Amino acid sequence: MKDKIQDYLKEINETNIDNFTNKIEGIEQFRIKFLGKKGVMNKLFETFKTMPNDQKREMGQLLNQLKTAAQNKIEEFKNYVEEQSDDSGDMDLTMPTDFSEIGSRHVLSVVQNEIIDIFARIGFTVAEAPEIEDDWHIFSALNFPPEHPARDMQDTFFIEKEGKHGDVALRTHTSSVQVRVMEKNQPPIRIIAPGRVFRNEAISARAHCIFHQVEGLYIDKKVSFADLKQTLLYFAKEMFGEDTQIRLRPSYFPFTEPSAEMDISCNICGGKGCNICKHTGWLEILGCGMVDPNVLEASGIDSTQYSGFAFGMGVERMAMLKYQIRDLRLYFENDLRFLKQFEAIL
Ligand code: PHE
């Protein structure tokens with residue numbers, strides 16, 4: 001046994017890395033031979049176990065010596081191979097690195113902020129209210145009659161309370177913020193309310209169940225339709241360019257009287273007629289009107305003293321018109337190829 005160990009020690013010492021044609025494989029073979037499960041070391045330990053106790057001490061030391069020698073050799077080989085393959089000398093340190101992706105604002109945030117900025121310049125401040133609302137703030141206080149179709153379950157996401165449809169729902173428009181602001185404040189009131197709204201719509205290129213609105217409300221003494229028109233003309237010019245024209249068409253909302261829908265001259269064809277404006281030269285962009293006295297009274301404002309106007313617009317639609325985005329679904333898909341197109345605008 002002693003001789004055997006001496007022979008193995010000799011073999012280990014004499015093994016040279018250059019003996020291996022394939023170095024990595026050679027090292028592995030070497031390891032298996034000495035340290036593998038059925039290798040030299042394990043076999044020797046088997047014999048060792050059966051030896052008389054008085055020989056064990058010397059033999060044990062020799063065996064450990066052999067094991068360490070094999071381990072050191074393998075370590076030495078590995079270091080050698082690693083050094084050889086270290087190609088840092090060939091590395092081009094002047095090469096540019098992979099730049100990690102830097103995020104940017106979402107186009108809807110960009111457009112929403114732009115709308116806020118435009119109204120902030122003429123004294124409007126931002127107001128917020130809950131996305132989960134009660135019937136009063138979404139409908140009743142806004143003069144919706146009980147049978148109004150907007151309350152229909154097909155439009156509104158109702159929230160179940162104890163298994164029943166209560167009067168709690170996701171707000172279908174930001175007009176609910178008007179009511180909350182009027183309940184808490186007396187005129188003069190001059191706010192805009194940006195926020196998410198929810199409607200039970202099938203998702204398509206032209207409709208989504210989640211979208212964003214910006215609501216505006218101005219209440220004071222002697223606020224007139226002329227003030228509304230001038231405010232919206234200012235907005236249209238700031239948003240879509242100095243040459244933009246507006247036109248108001250009569251419309252209907254339960255909470256405004258009179259009500260109107262506002263169009264801007266098509267900013268793509270300059271009013272000549274194109275696909276986007278369906279050859280009319282006009283693009284519909286928002287709903288507006290004079291706040292119905294019933295709404296003022298429901299929120300605790302004296303309608304004999306005060307009057308006001310309100311308007312509401314869709315942020316997705318504004319962004320579509322401004323950047324010619326054709327499909328609403330793009331906003332929520334988070335496809336980097338889409339998002340990256342708006343990196344440069346802050
Ligand atoms: N709330 C209306 C809508 O969602 C928009 C609107 C707001 C109209 C304020 C008039 C006044 O369509």
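Whatever order the structure lists ligands and atoms in, that order sets their numbers, starting from 1. The figures here come from the full heavy-atom set of this structure, side chains too, leaving out hydrogens, waters and symmetry mates. This chain uses plain numbering: 1 for the first residue, then up along the sequence. Because the structure is predicted, anything quoted here is derived from the model rather than measured.
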*Which of the atoms in ligand 1, numbered in the order shown and given with their element, are less than 4.0 Å from a heavy-atom of Phe255?*
1 (N), 2 (C), 6 (C), 7 (C), 8 (C), 9 (C), 10 (C), 11 (C)
*For the residue pair Phe342 and Tyr323, is the inter-centroid distance of their aromatic rings smaller than 6.0 Å?*
yes
*Do Lys56's NZ or CZ and the ring of Phe48 fall within the cation-pi criteria of under 6.0 Å and 45°?*
yes
*In terms of atom number and element, which parts of ligand 1 are under 4.0 angstrom from non-hydrogen atoms of Arg199?*
3 (C), 4 (O)
*May I ask you to list the atoms of ligand 1 that are less than 4.0 angstrom from any heavy atom of Ala310?*
9 (C), 11 (C)
*Check ligand 1 against Phe311 and write out every atom of the ligand that is under 4.0 Å from a heavy-atom position of the residue.*
7 (C), 9 (C), 11 (C)
*Looking only at distance, does Thr172 have an N or O less than 3.5 Å from an N or O of ligand 1?*
no
*Would you please test Phe157 and Phe198 for ring pair (Phe, Tyr, Trp, His ring centres under 6.0 Å) and show each step?*
CA-CA 7 Å; Phe157 286 116; Phe198 308 85; 7.3 Å; no
*Starting from atom 5 (C) of ligand 1, locate the nearest protein heavy atom and write down its residue, its atom name and how far away it is, to 0.1 Å.*
Gly312 CA, 4.0 Å
*Could you list the atoms of ligand 1 found under 4.0 angstrom from a heavy atom of Ser175?*
1 (N), 7 (C)
*Would you say ligand 1 has an N or O under 3.5 Å from any N or O of Glu215?*
no
*Would you confirm whether Lys237, through its side chain, and Asp243, through its main-chain N or O, come within 3.5 Å as a donor-acceptor pair?*
no
*Contact check, side chains of Ile116 and Val214, non-hydrogen atoms, under 4.5 Å*: no
_Donor-acceptor pair between Glu215 and Ser175 side chains, under 3.5 angstrom_ = yes
*Of all the heavy atoms in Gln213, does at least one lie under 4.0 Å from an atom in ligand 1?*
yes
*Identify, by atom number and element, the atoms of ligand 1 in contact range of Phe253, meaning under 4.0 Å from any of its heavy atoms.*
8 (C), 10 (C)
*Output the list of atoms in ligand 1 that are nearer than 4.0 Å to some heavy atom of Cys288, sorted by atom number.*
8 (C), 10 (C), 11 (C)
*asked:* If you take the centroid of each ring, where Trp contributes its six-membered ring, are Phe311 and Phe119 closer together than 6.0 Å?
replied: yes
*Does Glu316 offer a backbone N or O that forms a donor-acceptor pair with the side chain of Tyr331 under 3.5 Å?*
yes
*Location of contacts on Ser259 toward ligand 1, heavy atoms closer than 4.0 Å*: neither
